[in-house]
Structures are given as C-alpha cells and as structure tokens.
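Okay, so here's the structure we're looking at.
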Amino acid sequence: MTAGRVVAWWDVGMRVLVTGSTGYIGRAVLAELSAAGHTPIPFTGDVRSSEGLGGFGEVDAVVHLAALARVRESFDDPVRYYDVNVGGTVNLLRSPPPRFVLASTAGVYGAVSGGGVIDEDCARAPSTPYAASKAAAEDVLAWAAAAGRVSAVALRLFNVAGGGDRDDTRVITRACGVAAGRLPSMEVFGDGSAVRDFVHVRDVARAFVTAVECDEKGYQALNVGATPTSVADVLAAVERVTGRPVPVVRRPAHPGEVREQRADTTRLHALGWRPAHSDLETLVRDQWAAEAADSGPSARSERLRRGPRQGEPLQ
C-alpha cells in the first residue's frame, strides 16, 4: 500500500457527508466515492444552519464543497462570501467527524511573483474576496486541526474542466460554447501564450477520495492540477476536436498578468493520486460532448425554464 493510507478504516467503506453535492464537482465526488466503496451522503441544505446537519447519523468524514464561487460577484458582495464560505466551514467544525476535506482554490496564491511552478509552501496572497474567504476557511480548518478537533486537508484546485462544466467564465467551457454557436466569441487577453494548469473534474473527484482515505494527522494543504497549457493551445484543441472555428476578440494583456502558473502536485502524488483524464484532448472532448448534449431542443427548453447560466444569453 502507498504510505500515508490506512487499510483498516477505509477498506470496509466510510460514510462521507458531501456538501454541495448537486454541483459540478459534487456530482463527480459522489460517483468517485461510490466507486471506491464508500457511502456518500449528499447534503444540499444551508451549511450555515445547524438544522438538518444532525440528521445523517454518524459519519466518518466530510467533503465540504458548498460555497459561493463567482470571483467577479465576490467584489460586489464580499460580506456574503465570508458569511457562506467561512461561516459554513465554522458551522461544520462545531461537531466535526474525524476527517474533514475542504475544497479550496489556487486563487489563495494570488499573482505569485514570477509565476512558474507553485508549491504549497508559496505564500498566500489572495487578490479577490472569493479567494480571501477560502484562505480564511483554510485558516479555521488548520487551527481546528492544531487543537486536535479534526484531521484535515484543504485541496487547492487549479482550473477544473471537462465533464459538463456549466461556468462560461472558464476557458475550455467558453471555447466549446463559442464553437457550438451558443456564445458569440472568445475574448483573449494578450497573445494567448499565458499558461494555466487544467485538471479534469473526475481527477479532482479522485483527489477528494484520496484525501478522505489518507491517514495523515493534523492539517495539510494540497495542490490539485495536471496539465499546464496556454490559452492558444486550448483554442487550437477545441477547433481540432470540434471541427469548428472559435472566433476570437483580442484584448490588451492585463498589466502585471502572470504569464505562467503550474501546480506542483508532488505531495498529492505521494499519496497515490495520479490524473487519468486530464490530457488536453480528453478535457476538450468531454466538455464538447456535454455542450452538444446541452444544445438540443429539450436542453434549450430547460435553459429557458431555469434562466441563463453565467455568460449565457437566452436564445
């Protein structure tokens, strides 16, 4: 067995409470937990409320995904973001199970000076209220672990993609939407050579399972990334996979933009995690398949009933 895992407590399967279980990542986590022999317990209520959290009986671990996660929106309502993202974490920690895994973000690093490879020891410098609220949630979790209340992991997710993402602010999702004709064009800032680290949602879900199963005591933060690639390469891959053009609107590069960000995942790899679905072709192919399935008449009717997703016109 890989060092850092305990056979005795998870081979028989754990009961794992999953907040935010109906979301993009949540659905994948439920599937991966089940595939690993665990019993996921979905929670879709308000994590700030004590009502409902006690109705699940004994659980062995919690995967805390529920959060507000719109970067631009967080500037307009930072108090609400702290209330939900930090307050929800605090509430879950009042009577925590033995194991607690928090979904955090690579945004806690901010614009790391010089860019390049980012490991977990890089100083945090969040530049948005959303990322700052996640950094604060990490701090609460770390202090709870230091007090011996829980063993905990914060997974700092880089650019999650594939598998039916519905957030049109993400590069691969938007590019597929443009190729499908659902969105008019793709804004590219600078020459498209900026590199970001992408990871498939199924590999992210597997990282949560790995973190749940890990027997490390105390607190640790782990990066989750897989495939560094440029915006230009993403657009080329979308055109290659779809056989359709992706119209681009060029904008000046943002002043001070970091040219390259790559996740150092050495620590997560040491626990046995390996990305299996995060090559660029698979990321694009999976998102394109979901886009195509979401563009039929029945899917259009559902969008009209539901209202537009972020960046999506009603048409």
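Note that the coordinates shown come from a computational prediction; the quantities given were computed from them, not determined experimentally.
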When you measure from the side chain of [X] to the backbone N and O of [Y], does any donor-acceptor pair fall under 3.5 Å?
X	Y	answer
Asn223	Ala106	no
Thr173	Arg166	no
Ser230	Val195	no
Gln287	Ile172	no
Ser21	Pro42	no

Plane angle bin for His277 and His200 - parallel if under 30°, tilted between 30 and 60°, otherwise perpendicular: tilted
Between [X] and [Y], do the side chains contain an N or O donor and an N or O acceptor separated by less than 3.5 Å?
X	Y	answer
Asp77	Tyr82	no
Thr22	Arg27	no
Glu73	Tyr130	no
His38	Glu213	yes

Looking at side-chain heavy atoms only, is the closest gap between [X] and [Y] below 4.5 Å?
X	Y	answer
Ser34	Pro40	yes
Arg99	Val62	no
Leu93	Phe100	yes
Pro129	Phe75	yes

[Y]/[X] salt bridge by N-O under 4.0 Å criterion:
X	Y	value
Asp233	Arg240	no
Asp165	Arg170	yes
Arg48	Asp83	yes
Asp119	Arg267	no

For the [atom1] atom of [X] and the [atom2] atom of [Y], what is their distance to the nearest 0.5 Å?
X	Y	atom1	atom2	answer
Glu58	Leu17	CD	CG	12.0 Å
Trp273	Leu155	CH2	CG	10.0 Å
Leu157	Asp197	CG	CG	11.5 Å
Tyr219	Leu141	OH	CG	6.0 Å

From CA spacing to verdict: salt bridge (Lys or Arg N to Asp or Glu O under 4.0 Å), Arg70, Asp167: CA-CA 9 Å; Arg70 303 292 190 188; Asp167 185 348; 2.8 Å; yes
Minimum heavy-atom distance between Gly163 and Val201, given as atom pair plus value: CA-CG1, 4.1 Å
Contact list for residues 123-140, test salt bridge (charged side-chain N to carboxylate O under 4.0 Å, His left out), sequence neighbours left out: Arg124-Glu138, Arg124-Asp139, Glu138-Arg156
Asp168/Arg182 under salt bridge (Lys or Arg N to Asp or Glu O under 4.0 Å): CA gap, chis, key distance, verdict: CA-CA 11 Å; Asp168 288 325; Arg182 181 173 56 77; 3.0 Å; yes
Shared hydrophobic cluster for Phe43 and Val90 (ILVMFWY, side-chain gaps under 4.5 Å): yes
